[in-house]
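Heavy atoms only: backbone and side chains are in, while hydrogens, waters and symmetry mates are out. For ligands, and for the atoms within them, numbers begin at 1 and follow the listed sequence.
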Amino acid sequence: MLLLRTLSSSNLLGLRSLVSRRSRLALHSSSMDAVEESLRKSLSEKQSAVEAQGNAVRALKAAAVTTSASKQEIDAAIENLNKLKLDKASIEKQLQAHIGGAGRDGSISKEAFRQAVVNTLERRLFYIPSFKIYRGVAGLYDYGPPGCSIKSNVLSFWRQHFILEENMLEVDCPCVTPEVVLKASGHVDKFTDLMVKDEKTGTCYRADHLLKDYCNEKLQKDLSMPPEKVAELKHVLATLDDLSTEELGAKIKEYGITAPDTKNSLSDPYPFNLMFQTSIGPSGVLPGYMRPETAQGIFVNFKDLYYFNGNKLPFAAAQVGQAFRNEISPRQGLLRVREFTLAEIEHFVDPEDKSHPKYSEVANLEFLMFPRDLQMSGQSAKIIRLGDAVSKGIVNNETLGYFIGRVYLFLTRLGIDKDRLRFRQHLANEMAHYACDCWDAEIECSYGWIECVGIADRSAYDLRAHTEKSGVPLVASEKFSEPKEVEKLVIAPVKKELGLAFKANQKKVVESLEAMSEKEALDMKAALESKGEVEFYVCTLEKNVTIKKSMVTINKERKKEHQRVFTPSVIEPSFGIGRIIYCLYEHSFYMRPSKAGDEQLNVFRFPPIVAPIKCTVFPLVQNQHYEAVAKSISKSLTAAGISHKIDVTGTSIGKRYARTDELGVPFAITVDSESSVTIRERDSKDQVRVNVEEAASVVKGVTEGHTTWADVWSTFPHHSSASQDD
Ligand code: AMP
C-alpha cells in the first residue's frame with residue numbers, strides 16, 4: 001500500500017512486488033454482492049415495518065383505554081407484530097450466514113470448521129509452532145513429519161509441472177542478500193507496511209488491518225446499520241490500499257479505533273520496513289538483508305542464464321526457497337508468517353512477441369475468473385473460457401494466459417476445489433505503473449479468499465533497475481537476417497570534458513547519460529540548445545550535476561543495424577507454498593461418523609500425489625505369519641519407491657484405519673491370510689482382494705496415477721465398505 005502511495009506521488013520507479021505483496025486476505029469479499037445487498041434491503045424494510053407495527057400496537061392499546069378498540073383488534077395487531085419480528089430474525093440469520101458465519105454446507109461455522117482442522121493438524125504434527133517449549137514466536141512455524149512430506153510432495157509436483165514441462169532453468173541463490181541488490185529493486189526504500197503503536201504499552205499493529213477489522217466487525221454485527229453507513233464502510237474496505245498515511249490515521253481517529261488488547265489510544269501510522277536486516281561478515285561494513293522474495297536472485301543472474309540458454313528468448317528461470325518478511329502482527333495462522341517458502345518463475349520474453357507455443361493446450365480451460373470490470377461493478381466472479389479472456393483482451397497476452405491456465409491445472413491437480421478457486425485481476429490501483437496486467441489465484445478457505453499465487457506481467461522493470469544500478473546491461477538481442485536501416489538516437493558523452501568537470505565521478509555521469517531514454521535525451525538536447533546547460537540527476541551519485549553543451553552530443557543518425565537490442569519483459573508466477581498447503585488442508589478435511597456412530601472421525605482426502613504416506617500395511621491380528629507377510633510387502637513397497645508405514649500393533653483394525661485416515665493415507669493393505677491381502681481405499685472404504693505378490697504393484701499403479709481405483713475395483717474381487725472396518 002505504501003508503495004502505491006509513493007509511486008503515485010512521485011515518478012520514481014516502483015518496487016517489483018510491493019503492490020501485490022499486500023496479500024489482501026479476504027479483502028475482496030468485502031465488496032457487496034447482490035445477495036447481500038438484497039438481504040440488507042429486506043432487513044431494513046422489515047425493521048421499518050416492525051417499528052411501524054409496534055407503534056400501531058401501542059396506539060391501539062392507548063385507544064382501548066378511552067375508546068372502543070376491541071381486544072380482538074389488539075390481538076390481531078400483536079400477532080402481526082410477532083410475525084414481522086420472526087421474519088426479521090430469519091432475514092438476519094440469512095444475512096449473518098451470508099457474510100461470514102456458517103460453514104460451506106451451512107452445518108458448522110467457519111470458525112468451528114477451522115478449529116477442527118487446526119486441532120487435527122497440530123495433534124498429528126503436520127505443523128508445530130516453532131520454539132514451542134519457549135512459548136513460541138508469532139509467525140514462525142515448523143513443519144512436522146506429515147507436513148514435511150506434504151511440502152516435499154507439493155514441491156516435487158511443482159518442479160514436474162513447471163520446471164520439467166517448460167525446461168526451466170532452476171537456480172538456488174543465498175537467502176542473505178547484500179543491500180545494493182535490494183536497493184536497486186526498491187525494497188530498501190519501499191518494502192513497508194504502515195504501523196501504529198499502543199501509546200502506553202508500545203505493542204505494534206498493522207494500521208490497515210485495524211481499520212479493516214473495525215469495518216468488517218461493524219458490517220457483521222450491526223445488521224441494522226443504515227445503507228449509507230454500510231456503503232461507506234464497504235468503500236473504506238475497497239479503497240484501503242489507496243489511503244495515504246494521513247488518511248489512514250484520520251479514519252482510525254474518526255472511528256475511534258483503539259488498541260485491540262488494551263483499548264489504549266494509538267499513535268499516528270508510520271512506515272515500517274519488513275525486511276530482516278543483518279550485516280555480512282564480521283566488520284559490519286557490508287549491510288545485508290534476508291531476502292523478502294526469491295526473484296531478485298534470478299534477475300541478477302539474467303546475463304549468465306541467457307547465455308546458458310544459447311542467447312535465446314523466451315526462456316524461464318525458477319527458484320524455490322525461503323523468503324523472510326518481518327510481518328508487523330502475524331495472524332491468520334499459517335497464512336501470514338515471517339518465514340515461508342516461495343516458488344517463483346521468471347519467464348523472459350520479447351516485449352514485442354508475447355505469444356506462447358503451448359497456449360492452445362490451455363485455451364479451452366474454463367474456470368472462475370474475476371476481471372476488473374466485474375469487481376468494479378460489484379458483480380461476482382464468473383466462469384470464463386481462458387481463450388476468450390485472452391482473445392477479448394481481458395488477459396493482456398498469451399503467455400500470461402498460458403501461465404494462468406497452468407496454475408489452474410497445478411492447483412486443481414493438487415486437490416484444490418475448483419469451485420473455491422478464482423483468478424482475480426488486480427484493479428488499476430493495485431498494480432505498479434510499469435506492470436501490464438496481474439492476476440492472483442485466490443483460494444477460498446475459512447479466512448475468506450486468500451491470494452496464494454500472483455501471476456504478473458512485470459514488463460522490463462526489474463532487469464532495467466539492475467542494469468541501471470550495476471552498470472551491467474541485462475539485455476537480449478535479436479539478429480536480423482538482413483541488416484536494417486534505422487534512425488537511431490546517438491548519445492555521445494564527451495569524456496574529456498566530463499573528466500575535467502567531474503573527475504572521479506566521470507564514469508557514473510557517462511553511464512547515466514548513456515542510459516537516458518529517447519525522450520529524456522531529446523529533452524536534454526532541446527534544453528542544451530536553448531540554455532546551454534541543464535541540471536541532470538545521476539542516480540548512482542544520488543545528486544544533480546550540471547551538464548554543459550560541450551559535454552555531450554545528442555543526434556539522430558541513420559544507421560545500418562544487424563540486430564535489435566532490448567530489455568526482455570518478464571512474466572512472473574509467484575507461489576506461496578505454505579498458503580497453498582494450508583488451503584489444501586481445509587479443502588481436503590472432512591468428518592464422518594464412526595461405524596458405531598458414537599464419534600466423529602477426521603479424514604484428509606489428499607490425492608495420492610500429495611498424501612504424506614501412500615499406504616499402510618497392517619496384519620489383521622498379531623500373528624507371526626501375518627507379520628512376516630506384512631514385512632515382505634513392506635520390502636516390495638520400499639523397492640517400488642512407495643512411502644508407507646507398517647503397523648504391527650494389536651490395536652483394533654478400525655482404530656488403525658482411523659489413525660491413518662486422519663493423516664490422509666489413501667490406501668491400506670491388510671494382511672488377513674498368507675496368500676492374499678485386502679487393499680482399502682480411504683474415502684469409499686471399499687476393499688479389493690489381491691495376491692500378496694501383486695499388492696505393492698497395485699498400490700504403486702494407483703498412487704502414481706497409472707491406473708485408477710475404479711480400474712482396480714473392476715479388476716479384482718471386491719467388497720464395499722459397510723461390511724468391514726470401523
Ligand atoms: P508477493 O511477492 O507479496 O506477491 O507474495 C508472493 C506470494 O507469497 C503470495 O501470493 C503469497 O502466497 C505468499 N506470501 C506473501 N506474504 C506471505 C506471508 N507473510 N506468509 C505466507 N505467505 C506469504
List every atom of ligand 1 that sits less than 4.0 Å from any heavy atom of Glu327, numbering the atoms from 1 in the order shown and giving each element. 19 (N)

The atoms of ligand 1 lying under 4.0 Å from a heavy atom of Leu342, numbered in the order shown, are 6 (C), 7 (C), 8 (O)

Apply ring-ring contact (aromatic ring centres under 6.0 Å, His included) to His356 and list each qualifying residue two or more places apart in sequence or on a separate chain. His347, Tyr402

Applying a heavy-atom cut-off of 4.0 Å, say which part of Arg336 lies close to ligand 1: side chain, backbone, both or neither. both

Any heavy atom of Leu335 sitting closer than 4.0 Å to ligand 1? yes

Backbone or side chain, does any N or O of Leu334 fall under 3.5 Å from an N or O of ligand 1? no

ring-ring contact (aromatic ring centres under 6.0 Å, His included) for Phe162 and Phe410? Distances and angles first, verdict last. CA-CA 9 Å; Phe162 291 104; Phe410 172 71; 5.4 Å; yes

Got an N/O contact under 3.5 Å between Glu344 and ligand 1? no

With sequence neighbours excluded, tell me which residues meet side chain to side chain contact (heavy atoms under 4.5 Å, CB included) with Ala381. Leu368, Phe370, Arg422

Could you walk me through whether Phe315 and Phe308 pass the ring-ring contact (aromatic ring centres under 6.0 Å, His included) check? CA-CA 10 Å; Phe315 77 92; Phe308 185 85; 9.3 Å; no

So how far is it from Phe299 CZ to Arg458 CZ, rounded to the nearest 0.5 Å? 6.0 Å

Show the numbers, then the answer: is there a side chain to side chain donor-acceptor pair (under 3.5 Å) between Asn273 and Thr192? CA-CA 4 Å; Asn273 193 303; Thr192 52; over 6 Å; no

Is the number of heavy atoms from other residues, nucleotides or ligands within 6.0 Å of NZ (Lys418) greater than 12? no

Using a strict 4.0 Å cut-off to heavy atoms of Cys452, name the atoms of ligand 1 that fall inside it. 10 (O), 12 (O)

Going by the atom numbers of ligand 1, which of them fall below 4.0 Å from some non-hydrogen atom of Glu451? 4 (O), 9 (C), 10 (O), 11 (C), 12 (O)

Per-atom contacts, ligand 1 versus Ser574 - under 4.0 Å to a heavy atom: 6 (C)

